[in-house]
Q: 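One structure coming up, written as structure tokens, with questions to follow.
Per chain, numbering begins at 1; letters A, B, ... match sequence-line order.
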Amino acid sequence: MGIRTHNCGELSKSDVKKSVSLAGWINSVRTHGQIIFVDLRDRYGKTQLVLNDESLLKIGKTLSMEDVISIEGIVSPRDNNLINPDLSTGHIEVIVSSIKVLSNAKPLPLSIHDREASTEEHRLKYRYLELRNNDLQKNLIIRHQTSQIVREFLSNNNFLEIETPVLMKSTPEGARDYLVPSRVHNGQFYALPQSPQMYKQLFMIAGLDRYFQIVKCFRDEDLRSDRQPEFTQIDIEMSFVDEDDVRNTIEKLIREVFSKVINVSMKKPFPILSYYDAIERYGTDKPDLRFGLEILDFKDLADKSGFNAFKNAEDVRLISAPNADFFSRKVIDELDSYAQSHGAKGLAWFKVKEGSFEGGISKFFSDDLQKEIINQLNLKDDTISFMVGDKKSNTLNVLGRIRNLIAEKLELKDNSIFEPVWIVDFPLFSWNEDSKRFDSVNHPFTAPKDKDIDKVLNNPEEVISKGYDIVINGYEVAGGSIRIYDNELQRNIFKILDLNDDEIKEKFGFFIDALKYGTPPHGGIAFGLDRLVMLLSGVNNIRDVIAFPKTTSASALMEEAPSHVSKDQLDELGIKVLDSEKDV
RNA sequence: GGGGUAGUAGUUCAGUUGGUUAGAACGCCGGCCUGUCAAGCCGGAGGUCGCGGGUUCGAGUCCCGUCUAUCCCGCCA
């Protein structure tokens, strides 16, 4: 017999009397003198071993948690009253005939079965131990399945998976680049890709027609619970398509993934919301549609009240939430300070009870005005309304955030529900007040709507783009656009972005050239695979779907990267480190 | 760069208005135990209270600084 004939999750009643060998980790040992029970664990499950022979008992007593052993034995049925319904193998146990300790384990620096019970610092330092945890393994399995289904679906639809360079040219647009020094060309640097954007468009120019890649991307910016310095994109590009073609293909892909990975069927077709409407109704371009709580315009009604702070404000918005009694003074204060931390001067409120206002700023509204408001905004009894008065961009932004916080507190965010929505009609440019010039909202290769092409040079702020994002439960899961395939239009876009001819040539020369030699209309999209897997796994932290994640300060605690390097290495690269305490 | 939270045994935590020898659970080591399944019972070992300074007769506890992790703002086309 080999080290193992079966794994620890597959033996059942039908295997009774079989002679088997198993191997795995000791999950627990229960000694009873003349009989010892051992739970043996591997990725597939747990199997109960029974030791009841003199020589085996002696070894059994020396076993401790996480030792690795192999055994040989006979599968035996359990009596009805001894069945463990919590185990897939709970109807049987293996009567051990021989046992071999393959490897002893020292006491572990963290608890494998209770991930919450350890600090993140420990979990990341001993990640290989944390990865023994069942939940974490489940997430990685979901990630694997997702990749597999994406590959299968796209391959079946004529997409080619093609690799692109990891060492590429630095283009100081957008995020900060990770740089790699060149030994051969001292003083020069490669950059790690923030995304393979230009390469995939070049594939279309090359006539490869449909491309995809599951690919690492790198951005040297500060991190968040859903951001890592290196992350994975499902990168997709197609030729001879318009926005509908891309959206239809991608919707099919998303439906396939959710249905095959977690058996969820999504609505058909996905709703489409314009950027403008998303901001007006939800205060964000990535709205969570699992709940309503839409933001309402309150300016005209507020002006009729005696509340001067609102009369002086450019804009007043209101959001109404159910379950008024839940909102105690304490909860309201918490929401208020959250609003203020995001730039609101304050968060006004009143409750609606039996047809009239109560608490907060109620006294500034006459009885007649209260009735008018309740009717016009359709405010229900037993609700609470929150209001912010400020510049329009602020009222919407703050209430958009308050909307999410309220939904969390009222537990309206059900992780088993998935509400996808396309966000479209983004502006092409946004004015950057700091640098006094226009930036691309998406990236500089995004095409404007055909009807807006004439406005590009004269009224850039009015131009709408052919961009689209897919948002699920408030997460931006994918974003993309139809690209510019006209050399002249691309040059004009660069002009609006305030890049002069020399800069264009220096940064994008090869790309502008490529557009001259016959470029098909094309467009694509890129998914954040990590965020997609977060949704599928029902976790809200990106580290839970990555095998070896970095910390918030972009360190790898296990292998201690980044690290100092030897002077010889630096000399070869022509690099001198300034103000460093240790150069090794 | 800014703000919040956390750091005490191998692990997770408790530790009162500053006061004797810093406790508990799990794990580890030893013993008992033939039906447990997070087994149970008895005993034992195990501590630079993140690090550095200060106040004090006396600091895990108060003050200052610093490091690390985490959440958020800025940032992330």
Side-chain angles (χ1 to χ4, degrees), chain A residues 26-41 46-53 57 60-67 76 78-79 81-87 89-90 93 95 104-126 129-130 171-177 194-195 197 217-229 231 337-338 340-343 397 401 405 426 428-430 432 434 438-446 465 467 476 479 481 493 497 526 528 540-541 543 549-553 555 557 560:
Chain A
I26 305 282
N27 202 69
S28 65
V29 181
R30 298 177 290 278
T31 65
H32 291 255
Q34 295 310 300
I35 188 168
I36 294 178
F37 300 99
V38 175
D39 285 348
L40 194 65
R41 185 196 77 238
K46 287 187 279 192
T47 301
Q48 174 160 287
L49 310 178
V50 178
L51 314 182
N52 55 11
D53 171 87
L57 291 173
K61 282 183 192 175
T62 70
L63 296 174
S64 57
M65 305 269 279
E66 300 301 311
D67 288 344
S76 163
R78 298 202 200 181
D79 290 345
N81 58 326
L82 299 177
I83 287 168
N84 184 345
D86 297 333
L87 292 185
T89 60
E93 57 197 4
I95 313 297
N104 282 116
K106 291 174 105 174
L108 297 195
L110 50 76
S111 161
I112 287 183
H113 301 294
D114 186 5
R115 296 186 57 216
E116 299 304 312
S118 291
T119 62
E120 192 100 23
E121 216 170 333
H122 257 96
R123 286 155 51 183
L124 291 176
K125 182 167 181 188
Y126 300 100
L129 294 179
E130 197 193 8
T171 52
E173 299 285 309
R176 202 175 288 116
D177 280 326
Q194 296 180 22
S195 82
Q197 184 61 37
C217 302
F218 306 84
R219 293 178 191 176
D220 186 4
E221 295 292 345
D222 287 348
L223 306 176
R224 288 288 188 284
S225 57
D226 62 349
R227 270 194 240 157
Q228 281 275 301
F231 60 98
S337 60
Y338 183 74
Q340 291 193 31
S341 74
H342 286 88
N397 175 43
R401 291 170 183 276
L405 190 56
F426 291 88
L428 190 61
F429 304 107
S430 65
N432 185 326
D434 293 338
F438 284 102
D439 289 337
S440 289
V441 167
N442 189 215
H443 56 61
F445 314 116
T446 302
S465 83
E476 185 192 323
S481 63
I493 298 285
L497 299 175
N540 50 23
N541 195 303
R543 293 184 298 277
K550 304 271 192 292
T551 68
T552 318
S553 60
S555 309
L557 295 183
E560 296 184 320

Q: Which pair of non-hydrogen atoms, one from Asp439(A) and one from Leu497(A), has the smallest distance, and what is that distance?
A: C-CD2, 3.6 Å
Q: Do the side chain of Asp222(A) and the base of C75(B) come within less than 3.5 angstrom through a donor-acceptor pair of N or O atoms?
A: no
Q: Please state how far atom NZ in Lys125(A) lies from atom P in G10(B), giving the value in whole angstrom units.
A: 13 Å
Q: For His113(A), which residues count as a ring-ring contact (aromatic ring centres under 6.0 Å, His included) partner, sequence neighbours excluded?
A: none
Q: What string of B, S and - do you get for nucleotides 41-46 of chain B, 5' to 3', when a contact is any protein heavy atom under 4.0 Å?
A: ------
Q: Quick one: side chain to side chain donor-acceptor pair (under 3.5 Å) partners of Arg219(A), sequence neighbours excluded?
A: none
Q: Ignoring hydrogens and angles, tell me if any N or O in the side chain of Gln228(A) forms a donor-acceptor pair with the backbone of Arg543(A) under 3.5 Å.
A: no
Q: Does G7(B) pair with anything, Watson-Crick or G-U wobble, both distances under 3.5 Å, and if so, with which nucleotide?
A: C67(B)
Q: Using the C1' atom as the reference point in each nucleotide, state the distance between G53(B) and U48(B) in Å, no decimals.
A: 16 Å
Q: Between G27(B) and U68(B), how far apart are the C1' atoms? Round to whole Å, please.
A: 25 Å
Q: Go through it in stages, so that I can follow the logic: the residues are Thr89(A) and Gln48(A), the test is side-chain contact (heavy atoms from CB on, under 4.5 Å), and I'd like the CA-CA distance, side-chain angles, deciding distance and then a yes or no.
A: CA-CA 8 Å; Thr89(A) 60; Gln48(A) 174 160 287; over 6 Å; no
Q: Please confirm whether the backbone N or O of Leu40(A) pairs with a side-chain atom of Asn27(A), one donor and one acceptor, at under 3.5 Å?
A: no
Q: Using the C1' atom as the reference point in each nucleotide, state the distance between C51(B) and A69(B) in Å, no decimals.
A: 15 Å
Q: N/O contacts under 3.5 Å, protein versus nucleotides 66-72 of chain B?
A:
residue : atom : partner   : partner atom : Å
U68(B)  : O2'  : Glu121(A) : OE2          : 2.5
A69(B)  : OP1  : Thr551(A) : OG1          : 3.1
A69(B)  : OP1  : Ser553(A) : OG           : 2.9
A69(B)  : OP2  : Ser553(A) : OG           : 3.1
U70(B)  : OP1  : Thr552(A) : N            : 3.2
U70(B)  : OP2  : Thr552(A) : N            : 2.6
U70(B)  : OP2  : Thr552(A) : OG1          : 2.4
U70(B)  : O5'  : Thr552(A) : OG1          : 3.0
U70(B)  : O3'  : Arg543(A) : NH2          : 3.1
C71(B)  : OP1  : Asn541(A) : ND2          : 2.9
C71(B)  : OP1  : Arg543(A) : NH1          : 3.3
C71(B)  : OP1  : Arg543(A) : NH2          : 2.9
C71(B)  : OP2  : Arg543(A) : NH1          : 3.4
C72(B)  : OP1  : Ser225(A) : OG           : 3.2
C72(B)  : OP2  : Ser225(A) : N            : 3.2
C72(B)  : OP2  : Ser225(A) : OG           : 3.4

Q: Quick check: closest heavy atoms across Thr446(A) and Ser481(A), and the distance to 0.1 Å?
A: OG1-OG, 3.4 Å
Q: Applying a 3.5 Å limit to both distances, which nucleotide forms a Watson-Crick or G-U wobble pair with G27(B)?
A: none
Q: Is any NZ, NE, NH1 or NH2 atom of the basic residue among Asp39(A) and Arg30(A) found under 4.0 Å from an Asp or Glu carboxylate oxygen of the other?
A: yes
Q: Which residue lies toward the 5' end of RNA chain B, Leu110(A) or His443(A), if each is placed at its nearest nucleotide?
A: Leu110(A)
Q: What is the distance from CG of Asp439(A) to C1' of C76(B), rounded to the nearest Å?
A: 13 Å
Q: Could you measure between the two C1' atoms, the one in U16(B) and the one in U61(B), and give it in whole Å?
A: 10 Å
Q: Looking at every heavy atom in both Ser195(A) and Cys217(A), which two are closest together, and how far apart are they?
A: CA-SG, 3.8 Å
Q: Spell out protein contact along nucleotides 24-36 of chain B as letters: B when the base is contacted, S when just the sugar-phosphate is, - when no protein heavy atom is under 4.0 Å; keep the 5' to 3' order.
A: ---SS---BBBBB
Q: If the P atom of C13(B) is compared with that of C57(B), how far apart are they to the nearest Å?
A: 36 Å
Q: Okay, side chain of Gln194(A), backbone of Gly174(A): is any donor-acceptor separation there less than 3.5 Å?
A: no
Q: Can you classify the ring geometry of Tyr126(A) versus His122(A) as parallel (below 30°), tilted (30 to 60°) or perpendicular (above 60°)?
A: parallel
Q: Not counting sequence neighbours, which residues clear side chain to side chain donor-acceptor pair (under 3.5 Å) with Lys125(A)? List them please.
A: none
Q: Using atom OH of Tyr126(A) as one end and atom P of U11(B) as the other, report the distance to the nearest whole Å.
A: 8 Å
Q: Distance check, P atoms only: A38(B) and G43(B), in whole angstrom units.
A: 25 Å
Q: Compare every heavy atom of Ile36(A) with every heavy atom of Lys61(A), then report the nearest pair and how far apart it is.
A: N-CD1, 3.9 Å
Q: For U20(B) and G60(B), measure between their C1' atoms and round to the nearest Å.
A: 16 Å
Q: Regarding C76(B), can its base be found pairing with the side chain of Arg227(A) as donor and acceptor, where the two atoms are less than 3.5 Å apart?
A: yes
Q: Whom does U36(B) pair with, Watson-Crick or G-U wobble, provided both distances fall under 3.5 Å?
A: none
Q: Please report, rounded to the nearest Å, how far the C1' atom of G10(B) is from the CG atom of Leu129(A).
A: 12 Å
Q: Expressed as a whole number of angstroms, how long is the span from Arg123(A):CZ to U12(B):P?
A: 10 Å
Q: Please report the distance separating the P of G15(B) from the corresponding atom of U8(B), rounded so that it comes out in whole Å.
A: 14 Å
